[in-house]
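Fair warning: this is a prediction, and the values are worked out from it, not measured in the lab. Positions are given from 1, in the same order as the sequence printed here. Because only heavy atoms are used, hydrogens play no part in the values below, and waters and symmetry mates are left out as well, while side chains stay in. Atoms within each ligand, like the ligands themselves, are counted from 1 in listed order.
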Amino acid sequence: MAVVRGMTRVRSQSPPHCLSLNSQQKCFFTMFRNILIGISAALILQHILSVIYSLGFHKRAYNHRPGSCRVVTGIDSGSEDIHVLRNGLALITSGIDLTPLGHLMDPSGLTWKGRIYLFDFKQPNANVTELPILGSFDHSDFRPHGISVWEEETQTTVFVVNHKQHREAIEVLSLNQDNKSLQYLYSITDPLMRSVNDVVAVGSNSFYFTNDGYNNQLFKRFLERFLKFPWGNVIYYDGDAGRGQVVVSRGLEPNGINRSPDGRYIYVSSPIVGTVTVYEQQADHALQPIQVIDLSTSPDNIYVDSTSGDLWLGCHMIGYQSMLHFQNFTQPAASQVLHIQLNSKVAPYTYDIREAYVDDGRQVSGSSVAAYYNKQLLIGSVAHKLAHCQVVAF
Ligand SMILES: *[C@@H]1O[C@H](CO)[C@@H](O)[C@H](O)[C@H]1NC(C)=O
Ligand SMILES: *[C@@H]1O[C@H](CO)[C@@H](O)[C@H](O)[C@H]1NC(C)=O
Ligand SMILES: *[C@@H]1O[C@H](CO)[C@@H](O)[C@H](O)[C@H]1NC(C)=O
């Protein structure tokens, strides 16, 4: 009944001038315009709802551990990325600047000093030590982010993303393993370094890096992220040629990047999309997408177990908590570690995903990386603590 009455009302409301030919055209355009407005409104609403959903207000972290875990003392200004050498020495970046990434940062973090710390998996009860950086290195302009190491018999080359005050750079250092120090070699800058997040070395003089976005100013970057513009990319940098080349031209916040132990595949995470994409490296270093692994959480850095090839991910499982945490480090943000066990050697992989660790933010807030070595896990965070776990079962 109601429907019939409604229809009658609509019909009775249609303006009488619609009956002439000219007015019929007008009516058509009015209807067309209204449909367009309706569709646009629905799309905008859908976008806003999807952003709200991705912030995870409906999620809750239930703590669990793979074994006993402790906070490693002596490192409180974040441990954003970790690289582990074959012998179990872990290099850890600390003191990130989050403002170029369009995050409001807790004022206490703005004055952090950038450092690289060392943790030795062969001494699991020990704490971190700071690796001194020797040479003509500007320590006052060092805000490190992603890190990657290229190991050779005679030389261990370290690549570190640095958000310098006025430009993005990748610092190249040499690790002296005998006396545990870093020698500064040179800085690489390139017009293609817009908002560099992570780096993976593929030679002593070449690497891939991710730009997680285009804009560096707070509000512009906020809009870019909110509107989900795919303005990030992946660049290959050839040190001999002295320049970079775009290998993935469009991406929604490409973040962590790493490689398979045989070097055949490159992995890139996107926390906004909630995926890890598997690329195959071509002869000219172009990247061919092979597979997308959906995680339904926000993966940050990707750690690759050099023995098994398995992937370990530090994740931000509750987005709004991480955002609030970056603005005020006393606000806890859930941490989550995922393990992707690869069941095949060749991509597209068959795999199993397991959750190895969850913390509500009281032990570690905002986990960004999880490095696995010899039944131990080192869990780093963007702007909080570093945890060490024994891996018994999960
Ligand atoms: C690491 O730090 C903790 C807390 O300060 C301390 O109890 C422990 O003894 C330290 N470990 C070593 C090997 O010094
Ligand atoms: C470590 O050894 C290198 C090369 O021999 C030397 O230049 C550097 O000063 C040493 N570092 C420390 C901290 O002693
Ligand atoms: C962070 O939050 C704490 C507790 O809610 C509050 O006392 C402190 O003033 C806040 N700090 C900043 C910088 O807003």
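- Inspection of the Q281 and R264 side chains reveals no N or O donor paired with an N or O acceptor under 3.5 Å.
- Contacts of N125 with ligand 1, taken as heavy-atom pairs under 4.0 Å, involve the backbone alone.
- Taking Ile, Leu, Val, Met, Phe, Trp and Tyr as hydrophobic and joining them when side-chain heavy atoms fall under 4.5 Å apart, one finds V199 in a cluster with W150, F159, V161, I170, V172, L185, Y186, I188, L192, M193, V196, F207, F209, I235, Y237, V246.
- No side-chain donor from either of E80 and T93 sits under 3.5 Å from a side-chain acceptor of the other.
- When only modelled atom types and interatomic distance are considered, E355 and H64 share a side-chain donor-acceptor pair under 3.5 Å.
- Under a 4.5 Å side-chain heavy-atom cut-off, the cluster of Ile, Leu, Val, Met, Phe, Trp and Tyr residues that includes I37 has no other member.
- Protein residues with any heavy atom under 4.0 Å from ligand 3: P107, N328, T330, Q331.
- For E130, the side-chain contact (heavy atoms from CB on, under 4.5 Å) partners at least two apart in sequence or on another chain are K113, R115, Y117.
- In this structure, a donor-acceptor pair under 3.5 Å is present between the side chains of D352 and N343.
- Annotation: R70 places no N or O atom under 3.5 Å from an N or O atom of ligand 1; distance criterion only.
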